[in-house]
2 protein chains.
Amino acid sequence: MMSSRIKAKKQATLAEGEEKPSGRPRCPHTHLAILEATRDLLLEAGFVGLTIEGIAERAGVGKTTIYRRWPDKANIVMDAFFTCANPKLAFPDTGSLREDLLRQMRALVREFNGPLGQTVATLMAGMQSDSSLAEAFRQQWIEARRAESRAVVERSHARGELRADIETEVLLDALHGPLYFRLLTQYAPLNAAFAERLVDLVLSGLLTTTSPIKTTKTGGRK
Amino acid sequence: MMSSRIKAKKQATLAEGEEKPSGRPRCPHTHLAILEATRDLLLEAGFVGLTIEGIAERAGVGKTTIYRRWPDKANIVMDAFFTCANPKLAFPDTGSLREDLLRQMRALVREFNGPLGQTVATLMAGMQSDSSLAEAFRQQWIEARRAESRAVVERSHARGELRADIETEVLLDALHGPLYFRLLTQYAPLNAAFAERLVDLVLSGLLTTTSPIKTTKTGGRK
DNA sequence: TCATTACGATACGCTACGTTTCGTAATCGA
DNA sequence: TCGATTACGAAACGTAGCGTATCGTAATGA
């Protein structure tokens, strides 16, 4: 995993053909200590409540050391988020689109309800005022999650389970969008029951009639 | 429309049985000037780039005057948003759920693509760190927009156009969630075409078979 | 031993916050 | 017309966090 998206002063990680850096080497514990402190404080105070001085104190390092390694707060947060709290979402293949999606959506809801959910919300807030954070978050989080669901949908397409006119990207938006919406607005509870109802509602009518899986009120779970 | 959700020092607006306030009255232009300056600067710099000093300068008033009337930045922004830029979304009743929703969703997309969209994104970011802003925005913006679509859906339910097992709230999430998602993440274009495809995708399969409106690839728009 | 780099402490200038003080202006009632 | 009262703008204040610079010390390699 990357350690620093933008090299601060000198190289943060050595490239392939690196010179052996003379002088005192960087303390190996420091890096992780900073990222863990960042992750913890992010959960306690959110992105705006997060301060470099706070990270330094919690990690037991000097503020200077942090600025030597990262150019600004957003970059630290990105690294902390993607190194400490990364994906363990399902990549199932049960042969049924509905079942695969249910597993993925339930897993995503579970993550959103844990500490990671708060960080995701915090980062999406940060996106609105930090374009480099926005780009990184889009690529490394949103697109990564989406790719998992996209694979499921495209497998289903390949099986002929899905109506041929269904556009994968719109379907993915219809599935993921409401989860992010509830995460950010807390308009209504974000739980497994919601995920299941959403999947069934969105999927109803999209499957080919020859599909063995029904998605009406009487079909499936319960 | 409300002028100040939390009275700053003294009464901002007089209640019903108000005493005549002795002393110099507040300048009547000032209030609106501040709100308009706030709205403009919000569009230029966003919520985090917005400064009280900046508002004061733009509005041609003293910083003190602003603090006399609002307790903090979030409250000014809320007032500015809800007094200057409010709703003109469609409340159509064509007799067809699909047509009604299309009009509403197109209108919402249009708003999101204008200056109001940036402010909405900005406020949703602010929600993540300001609970009073969150509550106000949920009630006054999200719920207001949602109520418009809810009315359309419930009319459709009453007509028997919609399958009886369809839960209105989940359907509303499936429709609105993706719009907010694209607004916030800019993952993909947020335009009328997307709104139309989303409506058709979500609606397909939800209508009763007796409904005269088809939502398959060959039906409706195009 | 010496050059080189990392480290932490400290201090700095900067910006914006939200508050306080103060002299002035506007309104009302006596 | 005067005094009480309130609003106003200007200025200064203390606080906080940013990101930078300086400096003495520590760790490594040559």
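Each chain gets a letter, A, B and so on, in the order the sequences are listed, and its residues count up from 1. Heavy-atom basis, side chains included; hydrogens, waters and symmetry copies ignored.
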What does A/Gly54 touch in the nucleic acid at a heavy-atom separation under 4.0 angstrom: a base, only the sugar-phosphate, or nothing? nothing
Please determine if A/Arg58 and A/Glu44 form a salt bridge, counting it only when a charged side-chain N lies under 4.0 Å from a carboxylate O. yes
Roughly how many Å is it from NE2 in A/His31 to C1' in C/dC7, rounded to a whole number? 15 Å
With a 4.0 Å cut-off on heavy atoms, is B/Gly49 in touch with a base, just the backbone sugar-phosphate, or nothing at all? nothing
Can you tell me how far P of D/dA7 sits from NE2 of B/His29, to the nearest Å? 17 Å
Between C1' of C/dC7 and OH of A/Tyr67, the distance in whole Å: 17 Å
Could you check how far CG of A/Asp72 sits from P of D/dG17, rounded to whole Å? 17 Å
Indicate yes or no for a side-chain donor-acceptor contact from B/Arg98 to the backbone of B/Val199 under 3.5 Å, with no hydrogens or angles considered. no
Have a look at A/Gly62 and say if it touches a base, only the backbone sugar-phosphate, or nothing, with a 4.0 Å heavy-atom cut-off. sugar-phosphate
Under 4.0 angstrom between A/Arg69 side-chain N/O and C/dC7 OP1 or OP2: yes
Relative to the 5' end of DNA chain C, which residue comes earlier, B/Arg24 or B/Thr51, by the nucleotide with the nearest heavy atom? B/Thr51
Interatomic distance, B/Leu50 CG vs C/dT15 P [rounded to whole Å]: 17 Å
For the pair A/Arg106 and A/Glu111, find out whether any cationic side-chain nitrogen is under 4.0 Å from an anionic carboxylate oxygen. no
Looking at A/Arg150 and A/Glu143, is there a salt bridge between them, counting it only when a charged N and a carboxylate O are closer than 4.0 Å? yes
Considering just the side-chain nitrogens and oxygens of B/Thr65, establish if one lies under 4.0 Å of OP1 or OP2 belonging to D/dG9. yes
Indicate, yes or no, whether a donor-acceptor pair under 3.5 Å links the base of C/dG8 to the side chain of A/Lys63. no
Tell me whether the OP1 or OP2 atom of C/dA6 has a side-chain N or O from A/Arg26 closer than 4.0 Å. yes
Write down the distance between CH2 (B/Trp70) and C1' (C/dC17), rounded to a whole number of angstrom. 18 Å
Taking atom P of C/dT15 as reference, at what distance in whole Å does atom CD of B/Glu53 sit? 11 Å
Between A/Arg197 and B/Asp173, is there a salt bridge with N-O shorter than 4.0 Å? no
d(CD1, A/Ile52; C1', D/dT20) in whole Å: 13 Å
